[in-house]
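Heads up, the thing below is written out as structure tokens.
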There are 4 protein chains.
Amino acid sequence: MQAKKDEVKKQIEAAALQVFFRKGYPDAKMSDIADEIGISVGNIYTYFKNKKELFYAVVPPSLVDYLKNVLVESIHFDNQTSFDDVNDTDRSAIVQEQMKLLNEYSMQMVIIFERNKGTVYSTAKNELIELMIETKKPYLKPSYKRYDIGTEENMILLNIIANSIIDTILDLLKRDMSPDSRIRIFEALSLYRLHGLRGLNE
Amino acid sequence: MQAKKDEVKKQIEAAALQVFFRKGYPDAKMSDIADEIGISVGNIYTYFKNKKELFYAVVPPSLVDYLKNVLVESIHFDNQTSFDDVNDTDRSAIVQEQMKLLNEYSMQMVIIFERNKGTVYSTAKNELIELMIETKKPYLKPSYKRYDIGTEENMILLNIIANSIIDTILDLLKRDMSPDSRIRIFEALSLYRLHGLRGLNE
Amino acid sequence: MQAKKDEVKKQIEAAALQVFFRKGYPDAKMSDIADEIGISVGNIYTYFKNKKELFYAVVPPSLVDYLKNVLVESIHFDNQTSFDDVNDTDRSAIVQEQMKLLNEYSMQMVIIFERNKGTVYSTAKNELIELMIETKKPYLKPSYKRYDIGTEENMILLNIIANSIIDTILDLLKRDMSPDSRIRIFEALSLYRLHGLRGLNE
Amino acid sequence: MQAKKDEVKKQIEAAALQVFFRKGYPDAKMSDIADEIGISVGNIYTYFKNKKELFYAVVPPSLVDYLKNVLVESIHFDNQTSFDDVNDTDRSAIVQEQMKLLNEYSMQMVIIFERNKGTVYSTAKNELIELMIETKKPYLKPSYKRYDIGTEENMILLNIIANSIIDTILDLLKRDMSPDSRIRIFEALSLYRLHGLRGLNE
DNA sequence: CATGAATGAGAGTTCATTCAT
DNA sequence: AATGAATGAACTCTCATTCAT
């Protein structure tokens, strides 16, 4: 019985994750989730007190810091030497490992950092950006002289770029493709971040 | 009295734009808009037939093609020579003009290309991406050999990058800053697109 | 000033009568009435306390008994001799006089006896029927032997016929036509009531 | 549970039919229907998508042509010989059968041909009148000479009479009585139509 | 007097949540 | 445990009525 019970609970969680991912929290109807696995709406309430509790069971706050770290590690967005200093085999292993983690929680990641309306995660993306910038500050030059960007503008620029890096990763995770394709595109995006379109297009 | 009427209508439009910008069409309640300017909900219906009409008065379809063109022009995302070939004065004039246009409709742009759920604009961003890729196809190399990306992966990569370029512009427009700052950051972002972080950071 | 005031009041009453006639009380909007004569909604309230008061100013209860009597007189629905016993000139004069009265209050009549929803006149038609039957009872045979109609059924039959006679008059009054046409059709209807389709069609 | 559901659905339909019959579509409030059977307004939406769907479930368009035909057949309004040519037994059987049909859908009939505001049936009565006149035209004399009615007036007269015949049937159906009474009155009304009050009263 | 913008009550509809079965 | 019918709060929209101008 317990096994059965756990089984249903897992089904509900899987269905809920799908629906929260597709529609976001406010537009995800309890009936959507129930329909997804062919159970009654009321039965969800046997396992979860309410919609909110179901949501946080499926996208728990504990996941946030973990995913932030994975993303910060995955990106190295400002460390130009990261890919130059390690050999290809090592680099590949690192990327593969990171990708595995990102894939595993891809839907949660999108929910936490993008489709977070109506949840406590509405500030998560900005916090991640802060973390990215903070973590990598030592490597950053104080300003980009060529364009005479002062400290504040500099921060905004970094903020926008960090934002866009996150969006780029999330965008990649949203798309359906083979793991190999994903890794290749992931690496191409790294190159784009470091060297721009010219870097890609030479 | 007529003056009063126009005044209130403008207030409603301004409030509506704000609320649609902040919450998106489906989550923008008529009461949010009314509360914003301290009038009754019913009074909005003195000026606009219904929520939909108010929305399209504030974010008219006629704006879409116009903004698409401005954005495509503003980006030159793949034309590496665009900034090298013209002198600084001309370039500055062009950028200033584009920025002015983008600033004027910054909220509409975000609504059309990002917070477009429940509106006719839900496909606008993808159409813009298609337009960007299509317009600039002649300049693109058929594939990025270094990462062995085949045609399909190539398209996905371009799609993600185009997406991110749009997001970047929208992000910039969402932030409150002086016109000068905005232009400088805008130009820095162009540099980032072309040469990556290394291009910025040298 | 008083003259002007009275003029506007009369205009409102005329417009109200039109609109109540066309749409009935509940569906007649104050704005319909105002639009009809190109004044503001608020101005109606200068002359009439509210919609109800305007309605009863235009269709006053005092009219009801009067119109009931006119109709009862006009119909002679059971007096088979009415048309045979008087000469044509006299009869014509009587009918013309009745028609004049019916025409004058045609809209009120339709409102009182037919489009009376939401007003105190919802029972007026039944009261008129009662009056018609009561008034003419002396002339009625106690039962229609041929169809074995007992007293109660007899009353229902009379009720239905009376009802239909009223409807027929109202129907005639609703239609747009010349006074002459109206009189001729009115007389043909009398013949139909007395002798049926065969009476008409021989 | 299924039994319960069907039960409630039937209750809602019965209540809706009652309320639509009493008030007409626009004035029938969902709360009227809910109150009628002591359920919540929202619960009606468990069974019917919206007010319109509930209405057309209870008064389906498929009924219209059927009822038109039954009425046209039932009336023979201009065929004076219809009752003379068949023997009493046959005639009785025919009338009984027609009455059964009319009784079964009496409320729907009133709704379709009389209380049809806001529905697709607003033209049904006029269409039925046209059908009645068209169907029976061969039997009609070109004009009623005695009253010198020209073609147009003739049509108006026929229209009014047809209208009144329908009203008469609907009126009969609205009243509560035994089937036998209804049939006797129905037959008396036929006689009235053919021979008028004199025909009844001799 | 006249205006018409503003209000508020009430209608139809949706959906998270409850609860009898 | 499971069902899904039932509830009620909240949203969009309408219109008689009020009131500042």
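To find a chain, count down the sequence lines: A is the first, B the second, and so on, and within it residues start at 1.
- For the side-chain contact (heavy atoms from CB on, under 4.5 Å) test, no residue two or more places apart in sequence or in another chain qualifies with C:Ala14.
- Between B:Phe55 atom CZ and F:dC11 atom C1' there is a gap of 18 Å when expressed in whole angstrom units.
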Quick one: side chains of residues 24-33 of chain A, donor-acceptor pairs under 3.5 Å with protein atoms, not counting sequence neighbours, listed by atom name and distance.
{"unit_1": "A:Tyr25", "atom_1": "OH", "unit_2": "A:Lys52", "atom_2": "N", "d": "3.4"}
{"unit_1": "A:Asp27", "atom_1": "OD2", "unit_2": "B:Lys117", "atom_2": "NZ", "d": "2.3"}
{"unit_1": "A:Asp32", "atom_1": "OD2", "unit_2": "A:Lys23", "atom_2": "NZ", "d": "3.0"}
{"unit_1": "A:Asp32", "atom_1": "OD2", "unit_2": "A:Lys29", "atom_2": "N", "d": "3.1"}

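- Ion pairing of A:Asp167 with A:Lys125 is present here, as a side-chain N (NZ or NE/NH1/NH2) and a carboxylate O approach within less than 4.0 Å.
- Secondary-structure stems of DNA chain E, taken as three or more successive Watson-Crick or G-U wobble pairs (i with j, i+1 with j-1) under a 3.5 Å distance threshold, comprise E:2-21 with F:2-21.
- As a whole-Å value, the separation of D:Lys51 NZ from F:dT14 C1' is 13 Å.
- Take A:Tyr56 and apply the ring pair (Phe, Tyr, Trp, His ring centres under 6.0 Å) test, not counting sequence neighbours, and it matches A:Tyr121.
- Here C:Ser62 pairs with nothing under the side-chain hydrogen bond (donor to acceptor under 3.5 Å, both in side chains) rule; sequence neighbours left out.
- The separation between B:Tyr45 atom OH and F:dT12 atom C1' is 5 Å, rounded to whole Å.
- In this structure, the salt bridge (charged side-chain N to carboxylate O under 4.0 Å, His left out) partners of C:Lys68, at least two apart in sequence or on a different chain, are C:Asp65, C:Glu127.
- Scanning for side-chain hydrogen bond (donor to acceptor under 3.5 Å, both in side chains) contacts around B:Glu36 gives B:Arg22, with sequence neighbours left out.
- Each of B:Lys49 and C:Val41 lies near DNA chain F, and the nucleotide nearest B:Lys49 is the one positioned closer to the 5' end.
- Taking a 4.0 Å limit (strictly below) on heavy-atom distances, residues 19-33 of chain C reaches DNA chain F at C:Ala28, C:Lys29, C:Met30.
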Let me see the working for A:Asn116 and A:Thr119 under side-chain hydrogen bond (donor to acceptor under 3.5 Å, both in side chains), right down to the final yes or no. CA-CA 6 Å; A:Asn116 49 29; A:Thr119 77; 5.4 Å; no

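- In terms of position on DNA chain F, the residue among D:Ile12 and C:Lys52 whose nearest nucleotide sits closer to the 5' end is D:Ile12.
- The salt bridge (charged side-chain N to carboxylate O under 4.0 Å, His left out) check on B:Lys51 picks up nothing, with sequence neighbours excluded.
- In this structure, the CD1 atom of B:Ile44 is 18 Å from the P atom of F:dC15, given to the nearest Å.
- Both B:Asn43 and D:Gly42 lie close to DNA chain E; mapped to their nearest nucleotides by heavy-atom distance, the more 5′-ward contact belongs to B:Asn43.
- Heavy atoms of C:Asn50 sit under 4.0 angstrom from primed sugar atoms or phosphate atoms, though from no base atom.
- When rounded to the nearest whole Å, the span between CD of C:Gln11 and P of E:dA2 equals 10 Å.
- One interatomic measurement links the two molecules: OH of C:Tyr47 to C1' of E:dA2, which rounds to 8 Å at whole-angstrom precision.
- For E:dG4, neither phosphate oxygen OP1 nor OP2 lies less than 4.0 angstrom from any side-chain nitrogen or oxygen of C:Ser40.
- As rounded to whole Å, 15 Å separates atom C1' of E:dG4 from atom NZ of B:Lys9.
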